[in-house]
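Below, all heavy atoms of this structure are taken into account, side chains as well, without hydrogens, waters or symmetry copies. Convention: sequence-line order gives letters A, B, ...; per-chain numbering from 1.
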Amino acid sequence: MFLSLRAEVESALETALSALDYPTDDLGIEEPPEDVDSVLASSVAFRLAGEAGAPPPQVASAVADEIDADELTYVAAIETQGPYLNFLPSEAYLENTLETATAADYGALEDRKESVVVEHTSANPTGPVHVGRARNPIIGDAVANLLDYAGYDVDRHYYVNDAGRQMAVFTWAYETFDEDDLEGEPERDRPEYDLVRYYRKGNAFLENASEPKVADAEAEIESIMQGLEAGDDEAYERVSEVVDQVLGGMKACLARLPAEFDEFVKETRFMRNGDTDDLVARLKELDEAVYEDEAWQLELDAHGIEKNLVFLRADDTSLYPTRDLAHHEWKFEEYDNAVTVLGEDHTLQADQLRTTLELLGNDTEGLRQVLYSYVNLPEGKMSTRRGTGVDLDDLLDEAIDRAREEVEERMDDRIRDDDLGDEDVERIAHQVGIGAVRYDIVSKQPSKAITFEWEQALDFEAQSAPYVQYVHARCCGILEEAGLDSAADLEGQDVDLESVDADLLETPEERELLETIARFPAVVEEAADDLQPHQIATYTRTFADRFNAFYRECPVLAEDVDPEVREARLALVAASKHTVANALSILGVAAPRSM
RNA sequence: GGGCACGUAGCUCAGUCCGGAAAGAGCGUCGGACUUCUAAUCCGACGGUCGUGGGUUCAAAUCCCAUCGUGCCCGCCA
């Protein structure tokens, strides 16, 4: 609805400015501050003042006079306040919003008939997922949800680095050492916790063992890498033995968030099918290609990148970026757009990748990268190899435990003694605990550095997931109390939507809530265009504030509420419910029916 | 040394891309509100040279330049 109103305002302003012989290149449309009663505003009068030879307020009224609000559907009136033009919403605007938002899929934009692949996480299968990387699945999943909501056909990929040296080291270690050689028991009964001990053991061995022993090990590691490079099945099977087990465990961890994938794309795929070899041949043909210091490289300084891109070693083995180029060309064939969620330390590689893809003749317009900075511990970086860091599983467990305590504590002093059974407590503990972790991460701009601290990550107070989730629970409570099914469209239920009249929603709290609901699709659109899910989180907070104000001032089910007002408010609650449920689903945060 | 990012209230952050209406939240502190559709809520108070210095503009947290501080990158690792 907001999108229609904005379109209407734009065209009305443009017409008015043309009629007055003013330029229309900048309409100065903006959202007014909170204490102003309009939904949209324009500061165009400032810009025109010079040309008009009149002070801005005078220009503003001239423009306002030129627009006939009666001809507009969603605008009731245009008022000037000093130099500003304010567009007030019409009854039809609120009416339509209320009607549209009572549908369960409110906020989902029209199908764009465009596909996009969102690649995220793609952590090396070396061990348990730690919190340092946790931003990736959480942001990535939200970006994918957001694009899905914005009308794209979305696939989620995890790119598996199963061809690098680290995987050869891992495979060698797994085949070489026995349980007896390892230190300690697995921290959890899952394959990645078991196998990571071999990985750490192998790396420690390479650092500390005597020179001849290390040389033997290196020879074995080298042979695995050569086997992979040649695309031979035996080497692939050996590495897969490790990779598939570890990946299975990591998958289970990520599923807890939940972050699910449509496909796990293995790097070795592009070595086995010959794509990497073809790509190397094409790279060698480029003007930028040089053979220098016993390796094939690309000189990219003419394209603003100082660092050469090495794409083939002297022994003819490829490197990660080489395979990633083949991988991306494959993505371009399969999808209209490709989004990658990457740690900020990959910024340079991302630039090299894009530039090289262009040199190879690809159109990279549909390729976009979302960069985020790592979560560090107060004492420094987290590392799988060194075993420093907090496992994501532990964080989630702790979050759930704390949430459970919280639920139980609150049960004691609840006013309404509703029947929360053990299952409900467990459900709420999971929804709130995991929701809080996700929300805390997804609500911040990815470029900001985060230092992990338990207390902060697990704060259930306001401006966190539970604050927003609580609004959803309140909505469901009211709807269910009224005998309605909170999960479904209102249409077809025991509410006569035809007779619901937005006119009856006349308090400022009701109107502001409805205006906030109206903005939701526009927020989805902008967040999707910018690939910024945190905008959705920001919106949920504003929304929750508005809903709580409504909740405080406007009883829905009380005896003394006029039946027609009650129906209208019920419709508003249903609209609120769908809005907050859908916003939370974009963020990947559960929306509890009760808390 | 070069490149990129970040710096807004004691703390954690919105707002910055696309300049506009006396800078907004939460936490913390202090003081209030549960016979009411769930108090994980709400109301009020205190708290700001938007790192610093210049510039552009009718207008700068927002754009430009410089500078300081912090993080990341500058591997034939991934």
Side-chain angles (χ1 to χ4, degrees), chain A residues 26 28 30 32-36 41-43 45-47 49-50 55-56 81-84 86 122-124 126 161 163-167 267 293-297 304-308 310-315 317-321 324 343-349 351 371 373-374 376 403 406-407 409-410 413-418 428 432 440 443-445 447-451 453 456 459-467 469-471 473-482 530 532 534-535 537-538 541-542 544-545 548-549 551-558 561 569-570 573 594-595:
Chain A
D26 187 351
E30 60 198 56
E34 271 187 48
D35 52 337
V36 174
S42 168
S43 59
F46 283 112
R47 246 141 297 167
Q81 192 171 330
Y84 294 96
N86 282 312
S122 303
N124 289 355
T126 50
N161 303 164
R165 186 185 141 81
Q166 287 309 313
M167 292 324 299
E267 210 180 340
D293 301 327
E294 300 187 340
W296 279 94
Q297 336 196 347
I305 299 173
E306 295 298 321
K307 181 89 189 80
N308 278 10
V310 177
F311 62 89
L312 196 67
R313 299 184 180 99
D315 62 3
T317 53
S318 61
L319 290 93
Y320 177 86
D324 203 24
E344 63 169 351
D345 52 337
H346 289 65
T347 311
L348 174 62
Q349 293 85 325
D351 287 345
L371 298 163
S373 70
Y374 286 115
N376 289 321
E406 201 79 19
V407 182
E409 194 175 307
R410 285 164 202 274
D413 43 37
R414 297 175 80 78
I415 307 171
R416 196 174 80 175
D417 186 29
D418 49 1
I428 295 166
V432 168
D440 180 57
S443 61
K444 291 169 186 165
Q445 285 186 42
S447 54
K448 305 240 181 185
I450 295 184
T451 301
E453 275 161 72
Q456 219 171 280
D459 183 4
F460 297 146
E461 290 300 317
Q463 264 196 7
S464 71
Y467 175 70
Q469 290 174 313
Y470 191 59
V471 165
R474 277 181 156 175
C475 289
C476 290
I478 295 174
L479 293 171
E480 276 159 29
E481 190 77 19
D530 297 346
Q532 292 184 342
H534 85 270
Q535 290 182 14
T538 303
R541 274 200 291 265
T542 314
D545 288 345
N548 285 326
Y551 186 89
R552 183 183 73 240
E553 298 297 331
C554 307
V556 180
L557 303 175
V561 177
R569 287 184 178 168
L570 267 177
V573 172
S594 61
M595 284 175 70

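Among the protein residues, Gln297(A) comes within range of no part of the nucleic acid, since none of its heavy atoms lies under 4.0 Å from any strand. As judged by a 4.0 angstrom heavy-atom cut-off over every strand, His346(A) is placed among the base-contacting residues. Among the heavy atoms of the strands, none lies under 4.0 Å from Pro83(A). Residue contacts shown for Val573(A) are absent, as no nucleic acid heavy atom lies under 4.0 Å away. No engagement by Glu306(A) is indicated, since no non-hydrogen atom pair under 4.0 Å with the nucleic acid exists. Residue contacts shown for Cys554(A) include a base, since a base heavy atom lies under 4.0 Å away. When heavy atoms are screened at a 4.0 angstrom cut-off, Ser447(A) is found touching the sugar-phosphate backbone but no base atom. Phe311(A) comes within 4.0 angstrom of no nucleic acid atom, judged by non-hydrogen atoms across all strands. The residue Asn308(A) sits apart from the nucleic acid: no heavy atom pair falls under 4.0 Å. Looking at heavy-atom distances under 4.0 Å, Ile428(A) makes contact with a base.
Looking at which nucleotide of RNA chain B each of Thr451(A) and Asp35(A) is closest to, the 5′-most match is held by Thr451(A). Take the nearest nucleotide of RNA chain B for Ala41(A) and for Ile478(A): the residue whose nucleotide is more 5' is Ala41(A).
The phosphate of G71(B) has neither OP1 nor OP2 within less than 4.0 Å of any side-chain N or O from Lys448(A). Within the structure, a side-chain polar atom (N or O) of Arg313(A) is placed less than 4.0 Å from OP1 or OP2 of C77(B). Taking side-chain N and O atoms only, Gln445(A) has a distance below 4.0 Å to OP1 or OP2 of G15(B). Taking 4.0 angstrom as the limit, Tyr551(A) places none of its side-chain polar atoms (N or O) nearer than this to OP1 or OP2 of A40(B). When the side-chain nitrogen and oxygen atoms of Arg474(A) are compared with OP1 and OP2 of U41(B), none of them lie within a distance under 4.0 Å. Residue Asn548(A) has no polar side-chain atom (N or O) positioned under 4.0 Å from OP1 or OP2 of U41(B).
For the pair Val561(A)/Val556(A), no side-chain contact is recorded, criterion being any heavy-atom separation below 4.5 Å from C-beta on. Taking 4.5 Å as the limit, every side-chain heavy atom of Val432(A) sits out of range of all side-chain heavy atoms of Val407(A).
For the P atom pair drawn from C72(B) and A40(B), the interatomic distance equals 41 Å after rounding to whole Å. Between the C1' atoms of C46(B) and G51(B), the separation comes to 25 Å (whole Å).
C50(B) is unpaired under the criterion used here, namely a Watson-Crick or G-U wobble arrangement in which both key atom distances are under 3.5 Å. Both distances falling under 3.5 Å, in either a Watson-Crick or a G-U wobble arrangement, place C72(B) opposite G3(B). Shown here, C34(B) forms no base pair; nothing in the strands shown gives a Watson-Crick or G-U wobble contact with both key distances under 3.5 Å.
The glycosidic torsion of C34(B) lies within 90° of 0, which places this base in the syn conformation.
Under 3.5 Å, the side chain of Gln463(A) and the base of A14(B) form no donor-acceptor pair of N or O atoms.
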